[in-house]
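These numbers were taken from a predicted model, which means no experiment stands behind them.
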Amino acid sequence: MGFKRLFGVGDTGDAIEVDTHILGPALPGGELRGEVLLRGGRRDTYIDYVDLHIHVRCTDHDGRQSTYEVDTHSAEPGRLTLRKGEERRLTFSQRLPWETPPSELGGRALGVALSVRSRITRGDGIDVDDDLLHVSALPLHEALLDLFAEEGYLCDAAEVVEGDVPGTEQRLGIIQTFLLTGHAPGPDRPDALEVTFQTNAVGAMVHVRRAAPDERYWEDKPPARRFPAAHHEVGTVDWRPQVREVLSGPAWPADR
């Protein structure tokens, strides 16, 4: 990304530069590795903390765009002295929550904006550097969405909203929905679907419902049909029967 100049808490003699790099691909539940490069200014600088905050853009309950913090990690949990003109490399490694929303599916952007915010705390001030973060869909997500594609439902995009799925355990207060358009839905199938993966270390509960893009709250949307899938089943279990049962089960509720 290149160094970004950060201004200090006093005169510009405190100014330092920062550059954050993410090393390798990132996956929900996987390890996020990277480094924060610091370059000193015209005099020694005393830094209290270097923290990393993972954020996602989402829609809040009022329909406004907001920023939700997915996770935080300390790249440097204690005080350090950055000498005049010195370059310092701080490496970090943190495991992303399983509920981290993917921003890419099969290498294609889904319209989900994730970022890594490097916060440099020194004295009475905080400097911030924001960098985009790309998180790929899990093999489980890819395999199941490929099966929906076989049935004529292609994933066009995804969205993230504040909220939770009632009656379930959830670490983060956000829900990601994959938006699928039916290209040959048939007379008894919806024109579009919303698919939500509640992902954890074992696998995911897959929720499928008729698309209702104008409804923000889970309870206000049409009832969801669901089935479980495990990570270790990818490549060994055929989920076609579950997908077809979801699509061809009892009559879908009418559009609202």
Side-chain angles (χ1 to χ4, degrees), residues 1 18-37 50-58 67-77 89-119 129-149 155 157-165 168-179 195-207 227-237 239:
M1 295 294 292
V18 64
D19 189 16
T20 303
H21 291 277
I22 303 300
L23 305 178
L27 292 168
E31 187 179 26
L32 179 68
R33 297 183 301 110
E35 57 188 17
V36 179
L37 308 179
V50 179
D51 298 317
L52 300 170
H53 299 258
I54 310 299
H55 290 114
V56 63
R57 293 286 293 171
C58 66
T67 300
Y68 183 91
E69 184 168 286
V70 173
D71 200 19
T72 184
H73 177 75
S74 293
E76 183 61 41
R89 186 185 305 268
L90 306 176
T91 60
F92 62 86
S93 175
Q94 68 183 100
R95 188 164 294 279
L96 292 174
W98 284 100
E99 297 172 25
T100 302
S103 60
E104 296 179 352
L105 176 68
R108 180 171 54 85
L110 292 168
V112 174
L114 287 157
S115 63
V116 178
R117 177 169 294 178
S118 304
R119 287 166 49 105
D129 178 36
D130 282 319
D131 293 275
L132 289 176
L133 174 63
H134 302 284
V135 175
S136 299
L138 289 164
L140 179 64
H141 302 149
E142 298 265 8
L144 285 165
L145 291 173
D146 282 347
L147 293 180
F148 279 100
C155 181
E159 62 179 9
V160 179
V161 300
E162 286 188 4
D164 52 60
V165 180
T168 64
E169 293 185 3
Q170 215 173 301
R171 173 181 171 183
L172 303 180
I174 53 175
I175 300 171
Q176 181 179 33
T177 299
F178 291 85
L179 307 175
V195 178
T196 298
F197 297 92
Q198 278 194 288
T199 309
N200 55 37
V202 176
M205 181 61 71
V206 187
H207 302 264
F227 63 91
H231 297 298
H232 72 270
E233 295 175 329
V234 176
T236 62
V237 171
W239 288 302

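- Taking Arg95 as the reference, nothing meets the salt bridge (Lys or Arg N to Asp or Glu O under 4.0 Å) condition, with sequence neighbours excluded.
- A side-chain donor-acceptor contact under 3.5 Å links Gln170 to the backbone of Val165.
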Derivation of the side chain to side chain contact (heavy atoms under 4.5 Å, CB included) call for Val234 and Leu138
CA-CA 10 Å; Val234 176; Leu138 289 164; over 6 Å; no
Could you go step by step and tell me if Cys155 and Val195 meet the side chain to side chain contact (heavy atoms under 4.5 Å, CB included) rule?
CA-CA 9 Å; Cys155 181; Val195 178; over 6 Å; no
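- No donor-acceptor pair closer than 3.5 Å links the side chain of Glu104 to the backbone N or O of His134.
- A distance-only check finds no donor-acceptor pair linking the side chain of Gln176 to the backbone of Pro101 [under 3.5 Å].
- Put simply, CG on Asp71 and NE2 on His55 are 10.5 Å apart, with the number rounded to the nearest 0.5 Å.
- Of the possible donor and acceptor atoms, one in the side chain of His231 sits under 3.5 Å from a partner among the backbone N and O of Asn200.
- Taken from CZ in Phe92 to CD1 in Ile22, the straight-line distance is 4.0 Å, to the nearest 0.5 Å.
- Here the side chains of Val56 and Thr67 are not in contact, with every heavy-atom distance at 4.5 Å or above.
- Scanning both residues, Ser136 and Pro28, for their nearest heavy atoms gives O-CD, 3.2 Å.
- The OG1 atom of Thr199 lies 11.0 Å from the CE atom of Met205; values are rounded to the nearest 0.5 Å.
- When all heavy atoms of Leu27 and Ala137 are compared, the closest pair comes out as CD2-O, 3.6 Å.
- Residues Ile174 and Val160 approach most closely at CB-CG1, 4.0 Å, considering heavy atoms.
- Of the inter-residue distances, the one linking Arg57 atom CZ with Ser115 atom OG reads 9.0 Å to the nearest 0.5 angstrom.
- A pairwise comparison of heavy atoms in Val112 and Ser103 identifies O-CB, 3.4 Å as the closest pair.
- Counting all heavy atoms, side chain and backbone alike, Trp239 lies closest to Leu147 at CB-CD1, 3.6 Å.
- His207 contributes atom NE2, which lies 8.5 Å from atom CD1 of Ile175 (distance to the nearest 0.5 angstrom).
- Phe197 and Phe178 have perpendicular rings, their planes meeting at more than 60° on a 0 to 90° scale where under 30° would count as parallel.
- Annotation: the span from His141 atom NE2 to Asp146 atom CG amounts to 12.5 Å, rounded to 0.5 Å.
- Side-chain contact between Cys58 and Val161: absent, with no pair of heavy atoms (C-beta onward) separated by less than 4.5 Å.
- Taking each heavy atom of Leu140 and Ala230 in turn, the nearest pair found is CD1-O, 3.9 Å.
- In this structure, Tyr68 contributes its side chain and Gly173 its backbone to a donor-acceptor pair below 3.5 Å.
- The salt bridge (Lys or Arg N to Asp or Glu O under 4.0 Å) search around Arg89 returns Glu35, not counting sequence neighbours.
- A heavy-atom distance below 4.5 Å is found between the side chains of Val36 and Leu52.
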